[in-house]
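Structure record follows, encoded as structure tokens.
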Amino acid sequence: MLLTSFSFLLFFPTVFLLYYCVFHRNVRWQNLFVLLASCIFYGCWDWRFLGLLMVTSFSTYFAGWWMGDTDDQKSRKWINVGAIVLNMGILFFFKYFNFFVESFVDLFALCGIELNVPTLKILLPVGISFYSFSALSYTIDVYQRKIEPTRDWLAYLCYVTFFPSILSGPINRATKQLPQFLQLRTFNYEMVAGGTKMLIWGLFVKLCVADRLGIYVDTVYGNMVQHTGLTLLVTSIIYTLQIYADFAGYSLMAIGLGKMLGIELQTNFIRPYFAKTVTDFWRRWHISLTTWFRDYIYFPLGGNRCSQARWMLNTMIVFVVSGLWHGAA
């Protein structure tokens, strides 16, 4: 089920009415309903991957709980490393296993060595990159003592599986989103009205701008030899608008839906094509992802508080990882 699908048009109003009319008196019942709605939403794509989602959710939840129960720094470190290895291992297997197997075979083929290594028919779980990063932000923040581990497993599962953002972000951060699930959300006209406006505008940007531009871009890129250099140049410029409208529109819809349910999600785009520098552009583009890489990879590597050579290496590592995250191929 996508946010732009007809089935979601029936799904969300039902969730919205039950959320505020039936489950508005008790936070645990409200969270239980959000979790149920999120599981139905995600399960509509493929119910079998709900188990994988639960593995990520409970493994990081118990890792945070375990770290909260010990003051031994070495034990806390290994618990955190274990959670990272488990969940990044799952992400790597489903998203990158075949890519690296094929690359390994191609590398040997360049040397004249033919290998017969079979790939696997792996179906990529939708949203796995987003919910894995959201879950890992919690365990890392607990390890770094930026947030206290929660004992409320229901609120935590709502945080990881929250259906507006699970498919395409924004990537949730425990320090901001998790506390919102620990308190009762009541109907707030201003939040609902503001969220509705964002939802409608996001729908327009996604369906009327991105998808329409996509028809032209796909037509040209699908038969490039029949077009002139000028046409390809114009198409490439249009493509930059299409990809922004596609991603920003979907993110805006997710933020609007969250707002309608009383949950503030992170802003994901701030007019990136009006940036004055390349650095400023990356501060405005896919903010939830770039800040994740900054806080959990770039800063731990040393950031720019090191030699110029090391700073360049740190920057390169972040962009390589970012490239792999977007798509190994």
Exercise for the section: Please confirm whether Phe269 and Tyr244 have ring centers closer than 6.0 angstrom. Expected result: yes
Exercise for the section: Establish, from distance only, whether the side-chain atoms of Thr279 and Thr277 form a donor-acceptor pair under 3.5 Å. Expected result: no
Problem - Parallel, tilted or perpendicular, as decided by the 30° and 60° cut-offs, for the rings of Tyr20 and Phe16 - result: perpendicular
Practice task
Say whether, by atom type as modelled, one donor and one acceptor occur between the side chain of Thr290 and the main chain of Ile287 under 3.5 angstrom.
Solution key: yes
Exercise for the section: Would you check if the side chain of Gln30 reaches a backbone N or O of Leu184 as a donor-acceptor pair within less than 3.5 Å? Expected result: no
Practice task
Kindly give the heavy-atom pair with the smallest separation between Thr60 and Tyr138, and that separation in Å.
Solution key: O-CE2, 3.6 Å
Exercise for the section: Indicate yes or no for a side-chain donor-acceptor contact from Thr56 to the backbone of Leu53 under 3.5 Å, with no hydrogens or angles considered. Expected result: no
Practice task
Mind telling me whether Trp285 and Phe281 have parallel, tilted or perpendicular rings, with 30° and 60° as the class edges?
Solution key: parallel
Handout entry: Trace of the side chain to side chain donor-acceptor pair (under 3.5 Å) decision for Lys206 with Thr4
Key = CA-CA 8 Å; Lys206 173 69 174 71; Thr4 54; 5.2 Å; no
Problem - Polar contact flag, side-chain donor to acceptor under 3.5 angstrom, Tyr296-Asp141 - result: yes
Practice task
Please say which of Leu261, Ile40, Leu35 ends up in a side chain to side chain contact (heavy atoms under 4.5 Å, CB included) with Phe163.
Solution key: Leu261
Handout entry: Trp325/Phe130 aromatic ring centres below 6.0 Å
Key = yes
Problem - Donor-acceptor pair between Ser165 and Asn172 side chains, under 3.5 angstrom - result: yes
Problem - Aromatic contact, Tyr156 with Tyr159 (centres under 6.0 Å) - result: yes
Practice task
Could you tell me whether a side-chain N or O of Trp292 sits under 3.5 Å from a main-chain N or O of Phe133, the two making a donor and an acceptor?
Solution key: yes
Problem - Donor-acceptor contact below 3.5 Å, side chain Ser38 vs main chain Thr161 - result: yes
Handout entry: Centroid-centroid distance, Trp282 to Phe319, less than 6.0 Å
Key = yes
Exercise for the section: Show your reasoning for whether side chain to side chain contact (heavy atoms under 4.5 Å, CB included) applies to Phe181 and Ile263. Expected result: CA-CA 8 Å; Phe181 288 104; Ile263 301 295; 3.9 Å; yes
Practice task
Assess the side chains of Asn314 and Arg310: does a donor N or O sit below 3.5 Å from an acceptor N or O?
Solution key: yes
Practice task
Return yes if a side-chain donor-acceptor contact under 3.5 Å exists between Thr291 and Tyr298, otherwise no.
Solution key: no
Handout entry: Gap separating the CH2 atom of Trp45 from the CG atom of Leu2, nearest 0.5 angstrom
Key = 11.5 Å
Exercise for the section: Hey, can you tell me if Phe92 and Tyr96 have their rings parallel, tilted or perpendicular (30° and 60° cut-offs)? Expected result: tilted
